[in-house]
Number of protein chains: 2
Amino acid sequence: MSQGADTPTAVDQVLELAVLLNRDMQLSFERDGLTEARARLLWVLRGGPVTQRELADALAVTPRNVTGLVDGLVATGYVARAPHPTDRRAVLVTLTDAGSTLLTSMVEGYAEMHDLLFGGLSERQLRDLRRSLAIVNDRLRARVEQDWGAP
Amino acid sequence: MSQGADTPTAVDQVLELAVLLNRDMQLSFERDGLTEARARLLWVLRGGPVTQRELADALAVTPRNVTGLVDGLVATGYVARAPHPTDRRAVLVTLTDAGSTLLTSMVEGYAEMHDLLFGGLSERQLRDLRRSLAIVNDRLRARVEQDWGAP
DNA sequence: ACTACATTGTGTAGTACCTTCACGACATGA
DNA sequence: TCATGTCGTGAAGGTACTACACAATGTAGT
């Protein structure tokens, strides 16, 4: 009602933000020879070696899928499979040197994202933005969690 | 520096927003028997029938991929292939009645998203949010478009 | 110690999304 | 008409997922 048809709505803006964020991260992953799924798995390994079962839970995917993702990361040399010290069924997924280096640069990139995103905002604008985002996220989260149980 | 380790950073908030938006839309698509890729294709058909070549350009995917997506939507009965009036090579992808109905509800859902997202904000908060999002999006867009040509 | 049950990872099979390459059908301009 | 480009699709292949089945192993219960 208040703007022309070519002006993006607030919903448009939020959706574009989501698209741009995805694209930016995907481009970053591709530069490292990673896919999105493998990058997510690697990100979980920040906390140290974990079993494939734990990875499946953390990523909310099936154990079978983790097998495939780990296969890929082993092929590219970022992780290795090691025997679990006490459970001979389980496999510990550990970072190789290359994987550790890559993960370090990913953590740095995450930190640099703050300036990239918010470098154009004043302190006050950033504070207000955070407040509004908290409210928006709370509403969205409630909706998503509700719909998760009522398909 | 200013908050505890368990408080989400501004980057965390933006990333969570993106994740939640994706999840919400995906759940909505699933309810309609749609996948994300097929929903995007359907969304392009808002403007009327288009050729598969135009769809490939609009979706930024290969023409071969469009063939598969249209196959799926034909199987579920949401679109149909029609001959192009002047170009016998081309295929016009058109909405069926079911597809048209579905698209209408998708458009309605898009409109309702405004209240879902911003119903908890005051007029002033929403204005400020839009201003900040415009700034953030501009910076991100510049970065993504720059990296698109320099891998 | 032996049995019963649960858990871990993976082979098999299948779906969806995406790509490149090759090719036939068709359009277009010289 | 003839060369050249365009449209859609078959063939082949990669990645991300799923469900199901199964062997190896861990964990109780008796």
Side-chain angles (χ1 to χ4, degrees), chain A residues 19 22-23 25-27 29-45 49-94 151, chain B residues 19 22-23 25-27 29-45 49-94 151:
Chain A
V19 168
N22 271 330
R23 188 121 51 204
M25 298 183 73
Q26 190 153 0
L27 285 173
F29 294 153
E30 278 173 15
R31 272 190 290 270
D32 295 322
L34 281 179
T35 63
E36 212 172 314
R38 293 178 192 176
R40 274 198 295 266
L41 194 153
L42 222 53
W43 196 247
V44 177
L45 295 182
V50 290
T51 66
Q52 293 192 184
R53 175 72 219 180
E54 289 170 313
L55 283 170
D57 291 339
L59 299 171
V61 297
T62 59
R64 186 60 184 89
N65 192 16
V66 172
T67 299
L69 295 176
V70 171
D71 284 348
L73 284 167
V74 167
T76 54
Y78 288 134
V79 307
R81 279 185 241 250
H84 192 282
T86 66
D87 191 337
R88 282 193 296 174
R89 296 167 305 177
V91 168
L92 272 187
V93 180
T94 64
Chain B
V19 168
N22 270 331
R23 189 120 52 205
M25 298 183 73
Q26 191 154 359
L27 286 171
F29 295 152
E30 278 172 17
R31 272 191 290 272
D32 296 322
L34 281 180
T35 62
E36 212 172 312
R38 293 177 193 177
R40 273 197 295 265
L41 194 154
L42 221 53
W43 195 248
V44 177
L45 295 182
V50 290
T51 65
Q52 294 192 183
R53 174 72 218 181
E54 288 170 314
L55 283 170
D57 292 339
L59 299 171
V61 297
T62 59
R64 186 60 185 86
N65 192 17
V66 172
T67 300
L69 294 176
V70 171
D71 284 347
L73 285 167
V74 167
T76 54
Y78 288 135
V79 307
R81 279 185 240 249
H84 191 283
T86 66
D87 191 336
R88 283 192 296 173
R89 294 168 306 175
V91 168
L92 272 187
V93 180
T94 64

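For the numbers below, each heavy atom of this structure counts, side chains included, while hydrogens, waters and symmetry mates do not. First the proteins, then the strands, lettered A, B, ... as listed; each starts at 1.
Comparing D:dC17, D:dT15, C:dT10 by their closest approach to the side chain of A:T35 singles out D:dT15. Distance from the side chain of B:V61 is smallest for C:dC18 among the nucleotides C:dC18, D:dG8, C:dG9.
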Under the side chain to side chain contact (heavy atoms under 4.5 Å, CB included) rule, what do A:L34 and A:L73 come out as? Steps first, then yes or no, please. CA-CA 8 Å; A:L34 281 179; A:L73 284 167; 3.8 Å; yes

Step-by-step side chain to side chain contact (heavy atoms under 4.5 Å, CB included) determination, B:N22 to B:E36: CA-CA 9 Å; B:N22 270 331; B:E36 212 172 312; 4.2 Å; yes

Report the C-alpha separation of B:T51 and B:L92 in whole Å, then their side-chain angles, then the decisive distance to 0.1 Å, and conclude whether the side chain to side chain contact (heavy atoms under 4.5 Å, CB included) test is met. CA-CA 4 Å; B:T51 65; B:L92 272 187; 3.9 Å; yes

Evaluate B:L27 against B:E30 for side chain to side chain contact (heavy atoms under 4.5 Å, CB included), listing each step before the verdict. CA-CA 5 Å; B:L27 286 171; B:E30 278 172 17; 4.3 Å; yes

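In this structure, B:Q26 atom CD and D:dT18 atom C1' are separated by 14 Å, rounded to whole Å. One can place CG of A:L41 at 12 Å from P of C:dG9, the figure rounded to the nearest angstrom. The distance between atom CG of B:D57 and atom C1' of D:dC7, rounded to the nearest whole Å, is 12 Å. Look at CD on B:Q52: it is 17 Å from P on D:dT6, rounded to the nearest Å. Summarising the geometry, the separation between CG on A:L69 and P on C:dT10 is reported as 12 Å, rounded to the nearest angstrom. For B:R40 and C:dC17, the CZ to C1' distance is 9 Å, given to the nearest whole Å. Note: CD (A:E36) to P (C:dC17) measures 16 Å, nearest angstrom. With rounding to whole Å, A:L92 atom CG is found 9 Å from C:dG9 atom P.
With a 4.5 Å cut-off on side-chain heavy atoms, A:R40 and A:L69 do not count as touching. Between A:Q52 and A:P63, every side-chain heavy-atom pair lies at or beyond the 4.5 Å cut-off.
A:R53 contributes atom CZ, which lies 11.0 Å from atom CZ of A:R89 (distance to the nearest 0.5 angstrom).
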Heavy-atom contacts, protein to nucleotides 25-30 of chain C, under 4.0 Å, summarised as B (base), S (sugar-phosphate only) or - (none) per nt, yield BBS---

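Residue B:R81 has a polar side-chain atom (N or O) positioned under 4.0 Å from OP1 or OP2 of D:dT9. For the OP1/OP2 pair of C:dT19 and a distance below 4.0 Å, the side-chain nitrogens and oxygens of B:N65 include at least one atom meeting the criterion.
Put simply, the residue from A:L55, A:L41, A:V66 that forms a side chain to side chain contact (heavy atoms under 4.5 Å, CB included) with A:V61 is A:V66.
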Please write out each protein N/O paired with an N/O of nucleotides 10-14 of chain D under 3.5 Å, distance rounded to 0.1 Å.
from, atom 1, to, atom 2, distance (Å)
D:dG10, N7, B:R64, NE, 2.9
D:dA11, N6, B:R64, NE, 3.4

